[in-house]
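Keep in mind that what you see is a predicted model, and the values were worked out from it rather than measured.
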Amino acid sequence: MRAALVGIDFGQGDFAASVEELQLLARSAGAEPITTITAKRAAPDAAYFVGSGKADEIAMAVQDHRIEIVIFNHALSPAQQRNLEKRLNIRVLDRTSLILDIFAQRAASHEGKLQVELAQLQHLATRLIRGWTHLERQKGGIGLRGPGETQLETDRRLIGERVKALRARLGKLRKQHETQRRSRGRSQTFSVSLVGYTNAGKSTLFNAVTKAGVYVADQLFATLDTTSRRVYMGQEVGNVVISDTVGFVRELPHQLVAAFRATLEETIHADLLLHVVDASSPVRMEQIEQVNLVLKEIGADHIPQILVWNKIDAAELEPSVERDEYDKISRVFLSARTGAGLDLLRGAIVEWAMSAPGARLNQSYAVDEEELADDAELADDAEAAESSPTLTQVGSH
């Protein structure tokens, strides 16, 4: 799909890196960026976000390059998106919708699909008016519609019912996660979560440490679902549970943060965070800041961190460790791809696990009967989800 990208520089942050990230997001969604249109503004235009003159420039680019979709590197209001589509006579996506679309493509597990659908419906609920002007007329009380109920009101009600059902299912999934964490807590198993900016190499590092075989690709949000593996770290600490989580990105939509809270809670309850950083990225410090902002939003900013500077082979650095003023390991420099420095990371995890309160040797992760019962209940939910009615026309364009 031929796409035109639009980015507006408001004088905040690294604008060039933000536009480059938009290109990666567009390609990850399956679009082909043909042209990029940029401008500087002090503040967004209320009607078109970019102003009427720049909107005309975008319209000319759409005609000249046979553009099929226009993607903005910003969050648009429903009115701005609707006005742009009328003026350009083409589909317009904002950054939030683009990320939601990528998540919808990548969700693999039952839980991930539920979380993405919930985020999409919450985003869609404010934009039902778009493309539905012919449905504002009242229609008769046939089927689901009551007397005098408009199609838009019906759509809003259907979305509300679906959101309620999704939250109930995700609540049961959260219960299962809590059961698993209680089991690990009883055995005092040291837990580690990998966090970091998307495409920093978390899943590659996870595979290198755990031999898990998680899908890896050079694209944004290659993996969404949290994967946990038990790793034996030697007689000093026994087993450690390591979890790979979804990657973060600047301006991560709030709907996704809320929907993926159950997944991200694996991070909240970790004993140690491995904050994976792309050492070769010129904007790595900004990416670290963005990850820390999301960690603060989900209540995980108090958990100890080790900054794992990955891809040192591309940055031409050597494997090493750095310690803070308390003589604790604070940074590890390694390459997950080549394996250089992985022994240093294992040593750092062992050191932190040995200093953890209540550390115990040779822990094991036991699954109890309550957890198995929850698994059976979730399987029933998955079957019910397959047979439940879907919103076939809500939000169609």
Would you say [X]'s side chain and [Y]'s backbone share a donor-acceptor pair under 3.5 angstrom?
X    : Y    : answer
T38  : I8   : no
W352 : I329 : yes
Q80  : S77  : yes
S97  : L93  : no

Start with the C-alpha gap between R323 and K328, add the side-chain angles, then the distance that decides, and say whether side-chain contact (heavy atoms from CB on, under 4.5 Å) holds.
CA-CA 5 Å; R323 295 181 178 270; K328 289 190 173 183; 5.6 Å; no
D301 CG to L293 CG distance, which is reported to the nearest 0.5 Å:
10.0 Å
CG (L194) and CG (L273) are apart, to the nearest 0.5 Å, by 9.0 Å
Between I303 and L272, does a side-chain contact (heavy atoms from CB on, under 4.5 Å) hold up when you go through it step by step?
CA-CA 6 Å; I303 302 173; L272 176 67; 5.6 Å; no
Is the charged tip of R95 near the ring of F72: under 6.0 Å from the six-membered ring centre and within 45° of its axis?
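No, a cation-pi geometry is absent between R95 and F72.
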Is [Y] reachable from [X] through a run of I, L, V, M, F, W or Y residues, each pair having side-chain heavy atoms under 4.5 Å apart?
X    : Y    : answer
L84  : I67  : yes
I349 : L334 : yes
L295 : M285 : no
V19  : Y197 : no
F333 : L344 : no

Are side-chain N/O atoms of [X] and [Y] paired as donor and acceptor at under 3.5 Å?
X    : Y    : answer
D271 : S191 : yes
T96  : H123 : no
T338 : D313 : no
S18  : N73  : yes
T204 : N207 : no
N292 : Q305 : yes

Evaluate V241 against V192 for side-chain contact (heavy atoms from CB on, under 4.5 Å), listing each step before the verdict.
CA-CA 6 Å; V241 173; V192 179; over 6 Å; no
Stepwise salt bridge (charged side-chain N to carboxylate O under 4.0 Å, His left out) test for E117 and R162:
CA-CA 9 Å; E117 184 182 355; R162 182 62 177 166; 2.7 Å; yes
Can D278 and K311 be said to form a salt bridge (charged side-chain N to carboxylate O under 4.0 Å, His left out), step by step?
CA-CA 6 Å; D278 182 354; K311 305 184 183 181; 3.5 Å; yes
Parallel, tilted or perpendicular: rings of H74 and F49 (30°, 60°)
tilted
Before giving the answer on salt bridge (charged side-chain N to carboxylate O under 4.0 Å, His left out), spell out for D56 and R87 the whole-Å C-alpha distance, their side-chain angles and the decisive distance to 0.1 Å.
CA-CA 8 Å; D56 290 338; R87 186 145 186 161; 2.8 Å; yes
side-chain contact (heavy atoms from CB on, under 4.5 Å) between L118 and V163: does it pass, once the steps are laid out?
CA-CA 6 Å; L118 176 60; V163 165; 3.7 Å; yes
Run the salt bridge (charged side-chain N to carboxylate O under 4.0 Å, His left out) test on E57 and K54 for me, step by step, so that the C-alpha distance in whole Å, both residues' side-chain angles and the decisive distance to 0.1 Å come before the verdict.
CA-CA 5 Å; E57 180 182 336; K54 184 60 66 172; 2.8 Å; yes
Heavy-atom neighbours of Q63 CD exceed 12 at 6.0 Å
no
Within a 6.0 Å radius of atom CG on D324, are there more than 12 heavy atoms belonging to other residues, nucleotides or ligands?
yes
